[in-house]
Protein chains: 2
Amino acid sequence: MLSLDTIDRKILTVLQQDGTLSQRDVAERVGMSQNACWRRLQRLRDAGVILGSQTRIDPAKAGLDLTVFVMIRTRHHSADWAEAFRKHVDGLPGVVDCYRIGGEWDYLIKVVTRGMGGYDAFYQRLITGFDFHAVTGIFSMETILESHPLDLTRPA
Amino acid sequence: MLSLDTIDRKILTVLQQDGTLSQRDVAERVGMSQNACWRRLQRLRDAGVILGSQTRIDPAKAGLDLTVFVMIRTRHHSADWAEAFRKHVDGLPGVVDCYRIGGEWDYLIKVVTRGMGGYDAFYQRLITGFDFHAVTGIFSMETILESHPLDLTRPA
DNA sequence: GTTGAAACACCCTCAAT
DNA sequence: ATTGAGGGTGTTTCAAC
């Protein structure tokens with residue numbers, strides 16, 4: 001793994017907060033020349049530390065007013081089933097995140113959708129072709145924090 | 001609320017997938033002139049639909065190998081306590097998301113950290129000064145999808 | 001909505017230190 | 001590591017349609 005020094009971590013922290021910053025601004029904030037900063041960014045991109053950039057949308061302002069955390073318990077524990085499930089989830093509109101988890105449940109899916117009707121539409125698509133052991137939804141009442149930058153304060 | 005037409009939603013979808021695209025590229029992909037596309041972006045930014053841009057980091061490549069979903073049940077249900085808790089969470093390193101949720105638990109926090117030691121450090125900081133009724137952690141075994149673009153296929 | 005143009009900022013590379 | 005300079009590209013604002 002590429003080891004990140006203090007300046008690398010500063011650069012990554014700054015760019016996680018605002019991905020629109022110019023290289024000049026980034027360089028200035030981390031106390032470097034624009035040239036040196038550019039070389040570091042190249043290295044971080046080549047190493048795959050920087051995955052890319054994403055424009056962030058306010059879900060509510062786009063009419064997406066409902067966030068649900070769906071947990072799933074499966075009956076099947078084969079690699080084939082897991083692969084089929086993964087492809088299934090990847091094709092479902094509204095899915096933002098999906099994790100395989102430990103404990104009582106097997107999968108956790110974050111869904112952002114348009115009201116309860118949108119969630120039901122998601123649910124119907126989710127269960128078509130799959131016979132889950134259990135499905136439950138935890139509804140978000142309020143988003144307190146979202147997409148906070150990763151904490152890079154300690155060395156990697 | 002600003003109503004988004006088909007082209008707005010195309011623009012937002014494209015920029016959620018790749019925030020580094022130039023306005024020329026975006027304009028081309030949505031079938032517009034660069035000038036008209038620029039005006040739409042201005043409007044979307046002014047309306048707050050576009051919140052900004054974020055450079056995405058590979059957590060594993062930055063040494064952050066553990067994702068935990070922490071659920072909390074509180075003893076207190078006053079507005080003052082909620083505000084104090086919110087501020088507390090906002091200052092905790094490693095927190096990526098935090099939601100107030102319905103059901104058996106009150107809060108859901110997504111934490112990305114450095115191994116079990118990092119998680120324990122988070123836990124210790126989480127509970128200092130707060131006397132929660134219950135805290136539980138759901139550990140991610142595998143990230144299947146993360147930060148997928150919001151689904152804007154239906155009108156807002 | 002469109003095109004074209006001009007002024008400016010930014011990105012990337014190079015040379016020199 | 002740094003500065004400085006140059007060419008190409010992107011952004012922003014015009015005017016005209």
Side-chain angles (χ1 to χ4, degrees), chain A residues 1-58 61-63 147 149-156, chain B residues 1-58 61-63 147 149-156:
Chain A
M1 189 197 298
L2 187 70
S3 86
L4 308 174
D5 67 8
T6 310
I7 296 180
D8 286 331
R9 283 183 269 119
K10 268 191 196 172
I11 291 174
L12 293 171
T13 300
V14 163
L15 284 176
Q16 279 187 101
Q17 287 159 6
D18 186 355
T20 67
L21 287 174
S22 73
Q23 289 184 8
R24 277 187 177 80
D25 290 338
V26 176
E28 194 183 345
R29 295 192 192 202
V30 303
M32 281 200 128
S33 69
Q34 182 255 344
N35 205 321
C37 192
W38 178 83
R39 284 194 295 266
R40 279 173 183 269
L41 282 170
Q42 277 302 91
R43 222 183 71 246
L44 291 168
R45 269 191 284 263
D46 291 347
V49 180
I50 291 178
L51 295 172
S53 174
Q54 205 173 25
T55 297
R56 271 168 40 75
I57 306 296
D58 184 332
K61 292 241 168 94
S147 302
L150 301 177
D151 172 32
L152 303 172
T153 50
R154 286 177 187 230
Chain B
M1 188 198 297
L2 187 70
S3 85
L4 308 174
D5 66 9
T6 310
I7 295 179
D8 286 330
R9 282 182 269 121
K10 268 191 196 171
I11 291 174
L12 293 171
T13 300
V14 163
L15 284 176
Q16 279 187 101
Q17 288 160 7
D18 184 355
T20 67
L21 287 173
S22 72
Q23 290 184 9
R24 278 188 175 80
D25 290 338
V26 175
E28 194 184 344
R29 294 193 192 200
V30 304
M32 280 197 128
S33 70
Q34 182 257 344
N35 203 320
C37 192
W38 179 83
R39 284 193 294 266
R40 278 174 183 268
L41 282 170
Q42 271 310 83
R43 222 184 69 246
L44 291 168
R45 268 192 284 262
D46 291 346
V49 179
I50 292 177
L51 295 172
S53 174
Q54 206 173 26
T55 296
R56 271 165 44 71
I57 306 297
D58 184 331
K61 293 239 167 93
S147 301
L150 302 177
D151 172 31
L152 303 173
T153 50
R154 288 177 185 230

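Order of the sequence lines fixes the chain letters, A, B, ..., with proteins taken first and strands second; residue numbering starts at 1 for each chain.
Rounded to whole Å, atom P of dT11(D) lies 15 Å from atom CZ of Arg39(B). Between the P atom of dT11(D) and the CD atom of Gln23(A) lies a distance of 14 Å, rounded to the nearest Å. Between Asn35(A) atom CG and dA5(D) atom P there is a gap of 14 Å when expressed in whole angstrom units.
Here the straight-line distance linking atom CG of Asp25(B) with atom OG1 of Thr20(B) works out to 8.5 Å at 0.5 Å rounding. A distance of 10.0 Å separates CZ in Arg40(B) from CG in Leu12(B), rounded to the nearest 0.5 Å. The CZ atom of Arg56(B) sits 9.5 Å away from atom OG of Ser147(A), with the distance rounded to the nearest 0.5 Å.
Within the 4.5 Å cutoff, the side chain of Ile57(A) has heavy atoms near those of the Ile50(B) side chain.
For Ser33(A), whose side chain is taken as the heavy atoms from C-beta onward, the closest listed nucleotide among dT11(D), dG4(D), dT2(D) is dT2(D).
In this model, no side-chain donor or acceptor of Asp25(B) finds a partner on the base of dG10(D) within 3.5 Å.
Along DNA chain D, the nucleotide nearest to Cys37(A) and the one nearest to Leu21(B) differ in position, and the one closer to the 5' end is contacted by Cys37(A).
Residues Asp151(B) and Thr153(B) bring a donor and an acceptor atom of their side chains to less than 3.5 Å of each other.
Side-chain N or O atoms of Gln16(A) include one that pairs as donor or acceptor with a backbone N or O of Leu150(A) at under 3.5 Å.
Nucleotides of DNA chain C lying under 4.0 Å from heavy atoms of chain B occupy a range whose first and last members, 5' to 3', are dG1(C) to dG4(C).
OP1 and OP2 of dG10(D) both lie 4.0 Å or more from every side-chain N or O belonging to Gln34(B).
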